[in-house]
Structure formats: C-alpha cells, structure tokens
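Single-structure report; data block below.
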Amino acid sequence: MKIIGAGPLLLDFDGPVCAMFSGYPAPRIAAELTAQIDRPPSGMQDPLAVLQWVGRHRSAVELRKIEDALIAAEVVAAASAAPTPYAREVLEMAKRDRVPVAVVSNNSATAIEVYLAKHRLDGYVEVIVGRPYAEPSRMKPDPFPLRAALQRLGAEPTAGTMVGDSVTDIEAARAAGVRVVGYANRPGKTLATADVVISSMAELLVE
C-alpha cells in the first residue's frame, strides 16, 4: 500500500528525519536551561517543556533569554544528530515523484537548517517551519506550524500527509485537517489515533 500521496509530505524533524539529541541529550540541555532560571521547577527532562514553563511563569525578557539558549543548544545537537534510517531514501523518493516536502517541527528552524545542510538534504526540502520564536504556546499540538507550511506550499490541508512520532504531532495534524502517519520508532509507543502507524520509515517507500 502506498502511504505517501501526490500532495505535500510534512515531516516532523526529531524522529522521522533524525535522532536530534543522540549526541547532546535532551535532559542535559534541560538541566542547562533550568540552571539559568531563578527558582525553576525540578525534574524537567525535556528542554521544550522548560521553554513552555518559562513562557507561562516568567517575563517576556526571560523567555527570550531561554529561547536563545535553547536555539544555541539545538544547533549543537543538530550537528551531532544521528540520521533516521531510510529518511534520506524517503526524501529522495519524494523528490523523484515531485512530492513537495516540508519539515514542521517544535525544534528551531536554525537547527533544522544546520542538520539538512550537513547531510546535504537541504535540496530535498522546500519549506522549513520551526518553533515560533519565543511563542511556545504556538508549538504543536497547535496547528499553526502545519497551516503555515501548507500555506507556503500553496496546498490544501486535505492534500497533505504528516509523519510524526508523537501524540502532539497527531493532534496538530487533526486540528489542521491533515492526514497523519504515526512513526512508532520505539517498542511500546502508542500512536493508535493516527490514520496509519509505521515502525520504520522504510514503510513509506512502498510503491
């Protein structure tokens, strides 16, 4: 069964394209961010959760400070991120079949650009929509990033297919009216609410 149609392919970054934090672990980045916050909450392992917390509980000035620090850390992480098996082949197939590709992520666009350029994949991606700067409330599951990508591609939501590895990806796709493929890249990961669930990006290569 062919999973990708002729309409736009929207890919989450961390998961479907690469293991973003394989060389610079997310808990380490989260700890470095919380060290810059006065009276931070304890135990946060996700740097995006730290950013969201700052957005809810601290000033706009502090939010921008943490946003800038996170972008800098993500750029370092992107330089050492491990490619997801078969992600390159999926991008090559999309290029061959003239399927437009957008990367739609809660990570920063700058970090995504660094990774794609390093791995010579930038020519396969038409649009990058990263995390809105210092606006963590507009990250997925908000549909804003998907809608922005579709608008830039000049495509209707019903024509697109989103591939994501998290519940927030599925929720954003549902809210945007986009078909969604859940990439269950770890044993036991539950993405049953997706239209299709795959365990390897190779499954997108089926003609």
Side-chain angles (χ1 to χ4, degrees), residues 1-22 25-27 30 43-53 77 81-91 93-94 97 99-107 112 115 125 127-132 136-151 153 155-207:
M1 178 183 69
K2 187 173 177 63
I3 296 174
I4 301 174
L9 175 62
L10 311 181
L11 296 174
D12 183 35
F13 181 60
D14 183 19
V17 176
C18 69
M20 171 72 165
F21 301 106
S22 56
M44 283 197 292
Q45 301 287 299
D46 181 354
L48 294 177
V50 176
L51 185 70
Q52 290 172 318
W53 185 90
T84 296
Y86 299 102
R88 174 178 289 277
E89 289 82 353
V90 168
L91 291 172
M93 181 186 69
D97 293 349
V99 172
V101 176
V103 174
V104 184
S105 174
N106 284 345
N107 300 122
I112 296 166
Y115 176 86
V125 176
V127 169
I128 296 171
V129 178
R131 180 176 63 249
S137 64
R138 299 181 81 184
M139 297 191 302
K140 294 176 291 183
D142 192 293
F144 165 77
L146 279 74
R147 289 172 175 163
L150 290 165
Q151 183 178 31
L153 290 169
E156 293 296 323
T158 53
T161 300
M162 171 76 190
V163 180
D165 70 332
S166 69
V167 172
T168 56
D169 289 321
I170 296 172
E171 291 174 349
R174 292 282 183 236
V178 176
R179 182 171 178 266
V180 59
V181 176
Y183 174 41
N185 54 347
R186 293 195 307 272
K189 178 177 278 192
T190 302
L191 299 172
T193 56
D195 294 302
V196 178
V197 177
I198 60 175
S199 60
S200 168
M201 293 294 284
E203 293 175 59
L204 299 180
L205 301 172
V206 176
E207 296 290 347

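Positions are given from 1, in the same order as the sequence printed here.
- Applying the 6.0 Å contact sphere to CD of Glu89 captures more than 12 heavy atoms from other residues, nucleotides or ligands.
- For the atom pair CD1 (Ile112) and SG (Cys18), the distance works out to 8.5 Å, reported to the nearest 0.5 Å.
- Put simply, the side chain of Asn185 never gets that close to the backbone of Gly15: no donor and acceptor are under 3.5 Å apart.
- Not one N or O on the side chain of Thr84 forms a donor-acceptor pair closer than 3.5 Å with the backbone of Ala87.
- Residues Val125 and Leu91 share a closest heavy-atom pair of CG2-CD2, 4.3 Å.
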side-chain contact (heavy atoms from CB on, under 4.5 Å) assessment of Asp142 paired with Thr168: CA-CA 8 Å; Asp142 192 293; Thr168 56; over 6 Å; no
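- Among residues two or more places apart in sequence or in another chain, the salt bridge (Lys or Arg N to Asp or Glu O under 4.0 Å) test is passed with Asp195 by Arg174.
- Considering every non-hydrogen atom in both Leu153 and Pro100, the closest pair reads CD2-CB, 4.0 Å.
- Between Pro8 and Ala155, the closest heavy-atom pair is CG-CB, 3.4 Å.
- Residues Thr193 and Glu171 fail the side-chain proximity criterion, which asks for heavy atoms closer than 4.5 Å.
- Distance check, rounded to the nearest 0.5 Å: OG of Ser199 to CG of Leu191 gives 11.0 Å.
- Counting only heavy atoms from C-beta outward, the side chains of Met201 and Leu11 approach each other to under 4.5 Å.
- Nearest heavy-atom pair, Phe21 versus Ala77, reported as atom, atom and distance to 0.1 Å: CD2-CB, 4.0 Å.
- A salt bridge is defined here as a Lys NZ or Arg NE, NH1 or NH2 lying under 4.0 Å from an Asp or Glu carboxylate O, and Asp12 with Lys140 meets this definition.
- Counting heavy atoms from C-beta on, the side chains of Met139 and Gln52 come closer than 4.5 Å.
- For the atom pair OG (Ser105) and CG (Leu48), the distance works out to 8.0 Å, reported to the nearest 0.5 Å.
- Side-chain contact check for Leu204 versus Ile198: some heavy-atom pair is nearer than 4.5 Å.
- The OH atom of Tyr183 lies 9.5 Å from the CD atom of Glu203; values are rounded to the nearest 0.5 Å.
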Derivation of the side-chain contact (heavy atoms from CB on, under 4.5 Å) call for Val90 and Ile4: CA-CA 10 Å; Val90 168; Ile4 301 174; 4.2 Å; yes
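- Residues Ile3 and Arg179 have side chains in contact (heavy-atom distance under 4.5 Å, counting atoms from C-beta outward).
- To the nearest 0.5 angstrom, Phe13 atom CZ is 12.0 Å from Arg131 atom CZ.
- Put simply, the side chain of Val181 reaches to within 4.5 Å of the side chain of Thr161, judged on heavy atoms.
- Within the 4.5 Å cutoff, side-chain heavy atoms of Leu146 are placed close to those of Met162.
- By the 4.5 Å heavy-atom criterion applied to side chains, Val180 and Val178 are not counted as neighbours.
- What you find for Ala82 and Tyr115 is that their closest heavy atoms are C-OH, 4.4 Å.
- When all heavy atoms of Ala149 and Val104 are compared, the closest pair comes out as CB-CG2, 3.7 Å.
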